[in-house]
Amino acid sequence: MKALETRELPLTDYQHVSAEELFARTTAAKRALGDNVLVLGHNYQRDEVIEHADLRGDSLMLSKLAAQHAERPNIIFCGVHFMAETADILSRSQQTVILPDLAAGCSMADMAAIEQVEQCWETLGRILPVEDTVMPAVYVNSAAVLKAFCGEHGGITCTSSNARAVIEWGWARREKILFFPDEHLGRNTANKMGIPRDQMIVWDPYMPNGGNTVEAIKRARLILWKGHCSVHQMFQPAHVDYFRKQYPDGKVIVHPECHENVVNKADLVGSTEFIIQTVSAAPSGTIWAVGTELNLVNRLKRTQADKRIFFLSSTVCQCATMFRIDAPHLCWAMENLAEGHVVNRIVVPDDEKAWAKIALDRMMAVS
Ligand code: 13P
Ligand code: SF4
């Protein structure tokens with residue numbers, strides 16, 4: 001890397017650069033950086049971004065990869081904010097994590113604020129001996145401060161790949177689980193485990209007692225935070241019915257962030273990596289409807305051209321925040337790094353980091 005004499009390259013200079021030039025310049029800057037950079041890409045990233053990723057995967061895989069590559073001083077994370085925070089927590093202190101666009105958040109992560117979770121904990125504490133009876137379990141699609149909350153209160157994180165193992169881990173230790181912020185992942189996982197409906201309640205952070213009676217809270221084994229993914233909630237049971245009518249031999253595969261009414265009608269359910277692996281390994285000529293983010297589905301269509309692959313609903317949009325990471329932002333971050341400037345560094349404060357790492361390490365141990 002060059003010395004720090006140059007000025008930071010402004011993002012506005014990248015707005016009108018052609019796709020070909022952006023590709024060539026990003027490739028050249030990455031080559032110049034060599035082993036000084038690792039580019040991680042989530043399965044939802046656009047082609048123009050994912051083609052520069054050294055490694056790609058689902059949330060769990062990317063967390064593990066960030067922890068494994070201590071030799072790379074810089075990680076450019078092509079995904080959303082909570083993923084880059086997780087990479088910062090799991091990487092070494094001398095490594096820097098860069099998110100090419102800081103506006104790449106997650107609408108679901110925004111549905112649980114630390115103040116609301118603390119308020120919920122306090123309310124539960126007035127009803128039960130909360131520290132002994134309730135295990136907090138947070139989906140990785142959440143701010144680092146919520147992971148830290150779980151670490152500090154004996155809890156754990158989970159991803160869409162290990163939610164069942166995490167819930168089993170929690171119930172082996174405490175009577176109840178507070179699962180947040182995705183209601184659907186929690187409910188779908190519990191449904192698969194055969195947990196009766198009267199043992200699950202929904203916690204609405206805007207209602208007194210989360211919208212529950214004291215008796216229902218005492219009876220519940222699973223307290224599901226009222227939060228959801230704005231993309232996956234748009235898939236409807238009617239989309240599955242329509243596909244099945246057109247293609248009776250086809251299979252439906254969806255992400256567990258979808259509503260249970262969709263998940264219960266699907267043939268297979270799993271993380272983004274599970275979806276990719278399953279469809280890729282399927283015999284030639286098979287027919288699939290895929291209920292997850294559009295970029296992933298379009299890429300599957302192209303790479304698995306020997307199969308017939310459909311997006312489960314033509315009216316569902318791509319994830320607007322994942323989409324924020326584009327070729328201009330990636331080129332800007334890469335060229336700045338090659339010039340010795342770190343832009344958009346993601347830094348989780350040390351006290352948060354320590355507790356959040358405990359929650360993530362607990363998850364890694366059960367995954
Ligand atoms: P995965 O962990 O399956 O990659 O999912 C992340 C995500 O944000 C899904 O919406
Ligand atoms: Fe968040 Fe949904 Fe986008 Fe995943 S698809 S990053 S859960 S908004």
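Remember, it's 1-based here, ligands and their atoms both numbered in the order they're listed.
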Atoms in ligand 1 with a heavy atom of Y44 nearer than 4.0 Å: 7 (C), 9 (C), 10 (O)

N336 and E8 side chains, donor-acceptor separation under 3.5 Å: no

Contact check: S271 vs ligand 1, nitrogen or oxygen atoms, below 3.5 angstrom: no

Minimum-distance protein heavy atom relative to atom 3 (Fe) of ligand 2: C319 SG, 2.4 Å

Within reach of ligand 1, part of H42 (heavy-atom separation under 4.0 Å): side chain

Side chains of N295 and D47 in contact at under 4.5 Å (non-hydrogen atoms): no

Protein heavy-atom partner closest to atom 5 (O) of ligand 1 - residue, atom, separation in Å: H255 NE2, 3.3 Å

Distance-only N or O hit between ligand 1 and S59, under 3.5 Å: yes

S313 and Y242: side chain donor to acceptor below 3.5 Å: no

Within-cut-off N or O pair, S160 and ligand 1, under 3.5 Å: yes

Over-ring placement of R362 relative to W169, 6.0 Å and 45° cut-offs: no

Whether E257 lies under 4.0 Å from ligand 2, heavy atom: yes

Test log, rule side chain to side chain contact (heavy atoms under 4.5 Å, CB included), inputs F311 and F235: CA-CA 10 Å; F311 190 41; F235 293 107; 3.8 Å; yes

Closest approach of any protein heavy atom to atom 1 (Fe) of ligand 2, naming residue and atom: C106 SG, 2.4 Å

W121-F149 aromatic ring centre distance below 6.0 Å: yes

Atom 10 (O) of ligand 1: the protein heavy-atom neighbour that sits closest, reported with distance to 0.1 Å: E257 OE1, 2.8 Å

Ligand-side contact atoms (ligand 2) for residue partner N141, heavy atom cut-off under 4.0 Å: 7 (S)

Qualifying residue, where the test is side-chain contact (heavy atoms from CB on, under 4.5 Å) with V263 and the options are P237, P256, C258: C258

T159 touching ligand 1 at heavy-atom level, < 4.0 angstrom: no

Atom 2 (Fe) of ligand 2: nearest protein contact (heavy atom, Å): C229 SG, 2.3 Å

Salt-bridge contact K30-D54 (side-chain N to carboxylate O under 4.0 Å): yes

Distance-only donor-acceptor check, side chains E131 and H153, under 3.5 Å: yes

Under 4.0 Å to a heavy atom of H232 - the qualifying atoms of ligand 1, by number: 10 (O)

Test item: I217 and L124 side chains (from C-beta on) under 4.5 Å apart, heavy atoms: yes

Ligand 1 versus M108: contacting region, heavy-atom distance under 4.0 Å: neither

S107: numbered ligand 2 atoms lying under 4.0 Å from its heavy atoms: 8 (S)

Residue, atom name and distance, where the atom is the protein heavy atom closest to atom 8 (O) of ligand 1: N141 ND2, 3.2 Å

R308 charged N/C atom sitting above Y247 aromatic ring, 6.0 Å / 45°: no

Residue-ligand contact F274/ligand 1, heavy atom below 4.0 Å: no

